[in-house]
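Reviewing the structure listed below.
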There are 2 protein chains.
Amino acid sequence: MNNKTDPSLPFLIRDKNIQLIRQRFDLVPLVDLADEVDALEDPKDILFVFKTCSNAVTAELFSYLSSLTQERLLQLFTDKQIVDLLNHSYSDDVADFLGELPANLVQRILKNVDASYRDEINQLLRYKEGTAGSIMTPEYITLSKDASVDTALTKIRKIGREKETIQSLFVIDSKRYLIGILTLEDLVYHSGDTSLSSLMSDDFQTCHVHTTQDDVVNLFKRYNLTVLPVLNETNRLVGIITIDDVLHVIEDIASEDILKMAAINPLKDDYKATSSWMITKKSIPWILGLMMIGSISTFAINQFESTFQSVIVLTAFIPMIMNTGGNAGNQSVALITRALATHELSLKDILYIIKKEFTTATIMAITTAFFAFIWIGILLTTQFIRFENITVLYSLAWFSSVAQVSGLVASTLLLSVFVAKLLGSLLPLLAVKIKKDPAIMSSPFLTTIMDFTSLIIYFLFANYLFNFF
Amino acid sequence: MNNKTDPSLPFLIRDKNIQLIRQRFDLVPLVDLADEVDALEDPKDILFVFKTCSNAVTAELFSYLSSLTQERLLQLFTDKQIVDLLNHSYSDDVADFLGELPANLVQRILKNVDASYRDEINQLLRYKEGTAGSIMTPEYITLSKDASVDTALTKIRKIGREKETIQSLFVIDSKRYLIGILTLEDLVYHSGDTSLSSLMSDDFQTCHVHTTQDDVVNLFKRYNLTVLPVLNETNRLVGIITIDDVLHVIEDIASEDILKMAAINPLKDDYKATSSWMITKKSIPWILGLMMIGSISTFAINQFESTFQSVIVLTAFIPMIMNTGGNAGNQSVALITRALATHELSLKDILYIIKKEFTTATIMAITTAFFAFIWIGILLTTQFIRFENITVLYSLAWFSSVAQVSGLVASTLLLSVFVAKLLGSLLPLLAVKIKKDPAIMSSPFLTTIMDFTSLIIYFLFANYLFNFF
């Protein structure tokens, strides 16, 4: 319900108008304000903004800034300022931005926090990116099963504000094993002397610190969770993942898949935060690799040169044959890869998939071939595509040649679309089988294989046809 | 924490073992049980399972079933059973499954619910798919600002269990305008006589019933929301969207983008629920359309036939030139389309994007051309690709010809990769400008344009080179 207010932030900073800057902090959501701060050229201006407001506000604002701005700012901070910032941040936010910083800065920061907090952060930093451990937060409330609703509420009122969520509460036994979950609602619905053990649910999902993000997302979706407890190697509760963190993970996974399917290695950062050099580094190996693999198509054409030299019009249909096979295959790759990513399909569905894709492939191959026969007939008859022919234009023999060329391209497409569909659905499954990401069997990779396959089909058919007649 | 238990459900049904079926309902999460029920062949078996357990449980189980099973089951239900089912379902769940049912069944169902509930469902059915109205739920708690914490808690305890969430509470004035939001936490943290007006936050995000899902997702992400109030045309509160619904929307949007980028019109249902015919219907228009547009490449090759006939080896490099241009362009399309979809970039960033892509394009074009020159030199020198040449093998004149061909392909790639990158980043922006989905300017579409462009560059360069020397 907020609108950005004039005058602009740089203007207010130049005027050192502390009062209006503070007012802006009240009016504009911090995440929007972070965009304005990110846009400031001079780090000293950013520092000025930070000094105008309270530590709790700056800690939150800091977490929204781009990693570049965070780094520039930390270089300017005194040790005292770093301590203030850290004490007002959630430990998972701190672990997040530490992951992006140069090592010397990380050292300086860790030096400035007290021992127990440092342990918490180090613990979070220990888990590999992409695991449940790396996205969990250790800030949640645990209760004992013998406690009553009133005891629980007293504890929540005392320490709840420092925790990431008090919406879900975790009941543990004396050895820190998780034995039940309850919600704030449960407490509200029951009288103060009710024992937690009678309220808590012992039927809940959990994951381990090394569970992949992908599996975490799947648990949230499948069981409509709002929170997921994370257990360590000894099955003790060490953290929780909340649904708002999962939102960002889902988007990141989808982005990675889309980039992989377009033959780019996933970027670590946003588009804006990634340099042209880094984008090139992520893209160029695929371009060059595919070019090398694609040389087999060059080789194939080279081998069949004599066929082309005798019926030169055949060259003109190479792009159409290559593209149609590639497009048809890519559609299957996208459908299957996506269904695998959302866990709708898995490797055990392989027979179902083959059966279904076989039907689809047959229908599509026949339709495409039929359409191509007519379309190429039109292109040749109208002389949009001209071809040298010894007989008289529009004679019976001429029409027979038109039918031969159209028929050749159509039957090539018939077989090539069919193969492309089956290959396009099997390659992602093969990737899963050999424990690779199916998105890697991506469009460009399949396209390159299909180019060669389609060309070979085309040449073999052509050779047969024009030697036979 | 559950494992599926033996014996299998079909076995229990055959034995009419009601007790073990009921036990299964307690042990297995309902969403997992729904998979087992979906797999039952005979609808009568499903009906049997439904009869064994309470109405509240069946209503939830029903919401997890596939739309096909839901439909088969409803056909078998008596009117009484339908009433029981509906009375125990949330109205947004009902609206969801009604949206998938044939009209006569919808009529029969609406006939069986009472008037106020019917209004609620009809209201939800009124909103177009993909809008906030279509995913909101009208089941939330409203409070008056003059109420105290105790009054609020009493109301929650009385009606809260029927509502989708009591985590967020909505304060409205006498005209149903939303004036504040508070959370259950706020109530817990404050004493019973505190007035809600002093607790509630009047600084919140809202959306309208016609807001797109895409914008809803963006609000949730940007402001870390867990709930978003939905206002109608007169700005009155009519529903809320909760974060768990957004999870599924994000996935659906990503799936749609991936399919669009592979030239398939988005499926309405999951892969499994979509027939081969429907998949063909969504895929074939693109295959045929792109084939027709691709005919310009056929035309181009046809026009330059004489060049090919004189230097026949040039034909062999057509696939390499087409693919490399296409791949390079697709990388940019994917990067820009994804950044637009996640709202990292927007149309106003156009100058930034052009500047950045210009740099990337230059680096990549030079790298690719340099690599191609060497690679094709190797292919020709090693005679992996053979070419007819009047001079003696490995003579100076022969090497000069090798350099000519490699140089021709390399300079074609230089220009074509450069154009592909720029085109690949501008086309998605153009789509946004003309208010189309950028994913439509997808890989296959760009590939088809780039094929033609690359071929023309190749032919013009070849003509110039071989007429000149």
Side-chain angles (χ1 to χ4, degrees), chain A residues 29 31 157 166-167 184-185 221-224 243-244 247 250-251 254-255 258-259 262-264 270-271 276 279-280 283-284 287-288 290-291 294 297-298 301-302 305 312 315-320 323-324 327-328 330-331 334-335 338-339 342 344 356 359-360 363-364 367-368 371 385 444 451, chain B residues 29 31 166-167 184-185 189 221-224 243-244 247 250-251 254-255 258-259 262-264 270-271 276 279-280 283-284 287-288 290-291 294 297-298 301-302 305 312 315-320 323-324 327-328 330-331 334-335 338-339 342 344 356 359-360 363-364 367-368 371 385 444 451:
Chain A
V31 57
R157 289 193 183 107
I166 60 162
Q167 172 55 21
L184 193 57
E185 279 94 326
K221 272 169 24 197
R222 183 161 180 83
Y223 299 102
N224 271 320
I243 190 170
D244 49 311
L247 222 62
I250 290 188
E251 283 238 320
S255 291
I258 288 176
L259 293 190
I264 310 182
D270 285 346
Y271 175 77
S276 288
I279 292 178
T280 305
S283 319
I284 202 92
I287 295 285
L288 303 183
L290 290 167
M291 188 195 280
S297 295
T298 303
I301 296 184
N302 195 237
E305 248 169 28
I312 189 85
T315 315
F317 295 104
I318 289 180
M320 187 182 280
N323 278 344
T324 307
N327 288 340
N330 289 338
Q331 291 179 331
L335 273 175
R338 191 59 194 158
T342 59
E344 191 207 336
K356 183 157 192 168
T359 315
T360 315
I363 304 173
M364 286 200 53
T367 316
T368 309
F371 180 86
I385 304 298
D451 283 351
Chain B
V31 59
I166 60 163
Q167 170 57 18
L184 194 57
E185 278 94 327
Y189 285 144
K221 271 170 23 198
R222 185 163 179 81
Y223 299 102
N224 271 320
I243 191 171
D244 50 310
L247 223 62
I250 289 188
E251 283 239 320
S255 292
I258 287 175
L259 293 190
I264 311 181
D270 283 348
Y271 175 77
S276 288
I279 291 177
T280 306
S283 319
I284 202 95
I287 295 285
L288 303 183
L290 290 168
M291 188 194 282
S297 295
T298 304
I301 296 185
N302 196 237
E305 247 166 32
I312 191 84
T315 315
F317 295 104
I318 289 180
M320 188 182 280
N323 278 344
T324 307
N327 288 340
N330 289 339
Q331 292 179 329
L335 274 176
R338 190 59 194 159
T342 57
E344 192 207 338
K356 183 157 192 168
T359 314
T360 315
I363 304 173
M364 287 199 53
T367 317
T368 309
F371 180 86
I385 304 298
D451 283 351

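In the text below, chain A, chain B and the rest are named by the order of the sequence lines, each starting its count at 1. Only a predicted model underlies this, so the values are computations on that prediction, with no experimental measurement involved. All values below come from the heavy atoms of this structure, side chains included, with hydrogens, waters and symmetry mates left out.
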**OP:** Just give me the residue among A:T359, A:L335, A:T324 that pairs up with chain B most often, heavy atom to heavy atom, under 4.5 Å.
**Re:** A:L335
Subject >> chain B contacts, top residue of A:I312, A:I250, A:L259, A:I279 (heavy-atom pairs, under 4.5 Å) >> reply: A:I312
Considering only heavy atoms, which portion of [X] lies under 4.5 Å from any heavy atom of chain A: side chain, backbone, both, or neither?
X: B:A328; answer: both
X: B:L290; answer: side chain
X: B:N327; answer: both
X: B:Y189; answer: both

Original post:
Considering residues at least two apart in sequence or located in another chain, which fulfil the side chain to side chain contact (heavy atoms under 4.5 Å, CB included) criterion with A:D244?
Top reply: A:T242, B:N224, B:I243
Original post:
Roughly how far apart are A:Q331 CD and A:T360 OG1, rounded to 0.5 Å?
Top reply: 10.5 Å
Original post:
CD1 of B:I258 to CD1 of A:I258: how many Å apart, nearest 0.5 Å?
Top reply: 4.5 Å
Subject >> Toward chain B, the part of A:R157 with a non-hydrogen atom under 4.5 Å >> reply: both
Original post:
For A:F371, is it the side chain, the backbone, both or neither that has a heavy atom under 4.5 Å from a heavy atom of chain B?
Top reply: side chain
Would the distance check show the side chain of [X] and the main-chain N or O of [Y] forming a donor-acceptor pair, the cut-off being under 3.5 Å?
X: A:T298; Y: B:F317; value: no
X: B:E251; Y: A:T342; value: no
X: B:S276; Y: A:K356; value: yes
X: B:E344; Y: A:D270; value: no

**OP:** Flag the one option from B:L288, B:I318, B:D451 with the top tally of heavy-atom pairs under 4.5 Å to chain A.
**Re:** B:L288
